[in-house]
2 protein chains.
Amino acid sequence: MTSPVRPPARILLVDDHALVRRGVRLILDAEPDLEVVAEAGDGAEAVAAARRDDGLDLAVLDIAMPRMTGLQAARELARLRPGLRVLMLTMYDNEEYFFEALRAGANGYVPKSVADRDLVEACRAALRDEPFIYPGAETALIRSYLDRVRSGAGLPERPVTEREEEILKLVAEGHTSREIGDLLFISPKTVERHRANILQKLGLRDRLELTRYAIRAGLIEP
Amino acid sequence: MTSPVRPPARILLVDDHALVRRGVRLILDAEPDLEVVAEAGDGAEAVAAARRDDGLDLAVLDIAMPRMTGLQAARELARLRPGLRVLMLTMYDNEEYFFEALRAGANGYVPKSVADRDLVEACRAALRDEPFIYPGAETALIRSYLDRVRSGAGLPERPVTEREEEILKLVAEGHTSREIGDLLFISPKTVERHRANILQKLGLRDRLELTRYAIRAGLIEP
DNA sequence: CTGTCCATCCGTGCCGGCACCCATGTGCGA
DNA sequence: TCGCACATGGGTGCCGGCACGGATGGACAG
């Protein structure tokens with residue numbers, strides 16, 4: 001399958017759960033053409049690791065992580081090491097974050113519900129600069145993607161802006177508009193305006209649905 | 001460490017992410033005294049597996065799962081197979097989950113942030129019917145709990161009544177007092193009174209915290 | 001039998017969420 | 001250059017959450 005003279009791909013593995021890192025490492029290291037050479041527990045560590053080591057071929061990034069999320073880390077890594085391939089690993093096969101991951105410079109998008117063989121294949125596909133469509137997500141993600149391309153401008157729209165996501169998290173965590181305004185040094189009315197835009201964009205009714213959405217999306221913890 | 005004539009402990013592994021199951025299985029199967037003999041992707045499958053196989057020694061349960069959460073599954077398993085030990089596996093190293101897990105009948109509680117050695121030790125401790133306190137979690141809450149257990153006192157009971165839990169779920173799902181009142185054929189003011197009592201009993205501030213509590217407790221789905 | 005818990009209900013009042021309306025400045029791309 | 005998206009800010013008004021006060025009846029234990 002892979003040339004035996006070729007050295008194994010050097011992989012950076014990023015997940016906030018040591019147990020998950022350990023398991024994924026066992027899976028990847030069992031392949032002769034893949035080798036995990038570095039681990040990180042959050043996005044900041046991942047960026048630091050990529051800064052230290054310029055021989056990395058692939059970063060496997062979890063999306064939901066404390067401090068810096070996988071998406072933010074992917075943007076940072078794409079700027080820092082343009083040649084580095086990025087494979088996003090996520091708990092939820094959510095369309096919004098599929099497009100978000102692509103926009104952040106990810107080469108692949110794999111939910112944790114896939115089998116280990118699919119993860120290995122996704123890594124190899126990313127290393128060949130090919131998009132990997134995991135089985136079962138073809139229907140949901142790709143069809144909605146194609147629908148949006150056919151009907152709209154052809155560009156998948158980002159669901160919420162960065163600023164809106166910042167406010168989304170704080171609203172979902174139960175902070176009032178006044179508290180958020182004080183925290184971000186803006187008027188509470190602006191917070192309400194953002195909140196209204198977020199609810200409208202995501203098709204939600206109130207803060208409560210927003211909270212459950214944020215938990216589903218892995219933006220906050222229950 | 002373990003007697004060589006003793007057969008390995010038969011383990012049921014439950015997690016909705018195939019990737020995580022694969023990783024944990026690799027970790028556990030590497031131990032001579034532990035063997036994963038069954039896997040399940042959600043709580044319902046776990047209960048079905050326990051119903052099929054009455055020779056199970058230990059169930060390793062993820063807390064956050066679709067349909068039936070790990071906490072609900074733990075309650076069900078404790079009723080179905082009283083001799084079966086249960087080890088809760090969770091993304092969140094939160095003390096509140098710890099108590100919820102114990103109330104649900106769990107013997108141990110391990111966050112996914114622990115190393116693989118700690119998971120193995122937690123399994124062995126649960127099989128010996130000993131509580132496993134993972135490193136870095138010796139908080140005052142947990143220590144006081146252990147003191148209470150050692151001194152003979154029972155588990156702290158969940159203070160909400162059945163009727164209150166019924167209303168708790170509906171409130172957490174986003175229904176208004178009027179809607180709940182119509183649903184249960186009572187006055188919206190009565191719903192508000194119950195809600196106020198619930199918030200007071202659980203030490204929560206508002207519906208939003210109530211929602212997150214209900215999700216943590218496995219009462220509703222995100 | 002009396003006290004306690006539970007479930008049922010009511011009024012008043014404050015505050016925040018949320019839906020509408022509106023305007024301004026900035027940066028970016030057609 | 002003109003429009004558009006984004007972030008910023010304001011006003012008004014309704015409604016529901018939530019805190020505080022009260023009451024009643026029924027079940028069950030001491």
Side-chain angles (χ1 to χ4, degrees), chain A residues 71-72 75 79 96 99-100 103-104 148 151-215 219-220, chain B residues 154 156-215 219-220:
Chain A
L71 291 173
Q72 293 172 294
R75 294 189 197 99
R79 223 178 43 218
E96 291 104 56
F99 297 121
E100 193 68 33
R103 206 175 295 103
R148 231 175 290 188
S151 64
L155 297 177
E157 285 299 313
R158 155 196 290 251
V160 293
T161 68
E162 284 187 28
R163 187 59 157 178
E164 282 168 348
E165 181 168 317
E166 194 176 3
I167 278 142
L168 193 161
K169 287 188 199 175
L170 292 168
V171 171
E173 280 171 353
H175 298 97
T176 67
S177 298
R178 172 148 295 281
E179 288 170 358
I180 298 171
D182 290 345
L183 205 62
L184 302 182
F185 303 106
I186 58 178
S187 161
K189 287 302 286 184
T190 303
V191 178
E192 288 187 20
R193 160 61 70 208
H194 282 305
R195 188 184 55 209
N197 288 339
I198 294 165
L199 292 179
Q200 199 266 324
K201 281 185 180 178
L202 299 179
L204 306 174
R205 291 205 329 268
D206 49 30
R207 303 150 56 225
L208 222 145
E209 286 192 356
L210 194 66
T211 294
R212 298 170 72 178
Y213 171 88
I215 290 173
L219 294 172
I220 65 167
Chain B
E157 283 300 312
R158 172 156 42 198
V160 296
T161 67
E162 285 187 28
R163 186 61 156 177
E164 282 170 346
E165 181 167 317
E166 193 177 4
I167 277 138
L168 193 161
K169 287 187 199 175
L170 292 167
V171 170
E173 278 171 354
H175 300 97
T176 67
S177 298
R178 163 127 247 122
E179 289 170 358
I180 298 171
D182 290 346
L183 207 62
L184 302 181
F185 303 107
I186 58 178
S187 162
K189 288 303 283 186
T190 304
V191 177
E192 287 187 20
R193 165 53 82 200
H194 281 304
R195 189 185 55 210
N197 288 338
I198 294 165
L199 292 179
Q200 199 266 322
K201 282 183 179 179
L202 299 180
L204 306 174
R205 290 204 335 265
D206 50 31
R207 302 151 56 227
L208 223 146
E209 286 193 356
L210 194 65
T211 294
R212 298 170 71 178
Y213 172 87
I215 291 173
L219 295 172
I220 65 167

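Residue numbering restarts at 1 for every chain, and letters A, B, ... go by the order of the sequence lines. Because the structure is predicted, anything quoted here is derived from the model rather than measured. All values below come from the heavy atoms of this structure, side chains included, with hydrogens, waters and symmetry mates left out.
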Send over the distance from [X] [atom1] to [N] [atom2], rounded to a whole Å.
| X | N | atom1 | atom2 | result |
| --- | --- | --- | --- | --- |
| A/E209 | C/dG17 | CD | P | 16 Å |
| B/H175 | D/dG16 | NE2 | C1' | 15 Å |
| B/D182 | C/dT8 | CG | P | 14 Å |
| B/E164 | C/dC5 | CD | P | 13 Å |
| A/K201 | D/dA5 | NZ | P | 10 Å |
| A/H194 | D/dA5 | NE2 | P | 16 Å |
| A/E162 | D/dA5 | CD | P | 18 Å |
| A/E165 | D/dA7 | CD | C1' | 16 Å |

- line: Protein-proximity profile, nucleotides 18-28 of chain C, B/S/- by nucleotide at the 4.0 Å heavy-atom cutoff, equals B--BB------

message: For A/E164, is there an ion pair with A/R195 - N to carboxylate O distance below 4.0 angstrom?
response: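 Result for this pair is no, no salt bridge flagged.
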
message: Does this structure show an ion pair linking B/R212 with B/E209, if we count only N-O contacts that are shorter than 4.0 Å?
response: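 Salt bridge: no.
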
[N], OP1 or OP2 - any side-chain N/O from [X] closer than 4.0 Å?
| X | N | value |
| --- | --- | --- |
| A/T176 | C/dG17 | no |
| B/S187 | C/dC10 | yes |
| A/T161 | D/dA5 | no |

Quick one: does [X]'s side chain have a donor or acceptor within less than 3.5 Å of a partner on [Y]'s backbone?
| X | Y | answer |
| --- | --- | --- |
| B/H175 | B/L170 | yes |
| A/Q200 | A/A196 | no |
| B/E192 | B/K189 | no |

What's the separation between atom [atom1] in [X] and atom [atom2] in [Y], rounded to the nearest 0.5 Å?
| X | Y | atom1 | atom2 | answer |
| --- | --- | --- | --- | --- |
| B/R163 | B/T190 | CZ | OG1 | 9.0 Å |
| A/R178 | A/S187 | CZ | OG | 8.0 Å |
| A/I186 | A/R193 | CD1 | CZ | 12.5 Å |
| A/L210 | A/L204 | CG | CG | 6.0 Å |

Nearest-neighbour nucleotide for the A/T190 side chain, C/dG17, D/dT8, C/dA7 considered: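 Comparing C/dG17, D/dT8, C/dA7 against the side chain of A/T190, the answer is D/dT8.
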
Mind listing the N/O atom pairs, protein and nucleotides 24-30 of chain D, below 3.5 Å?
none

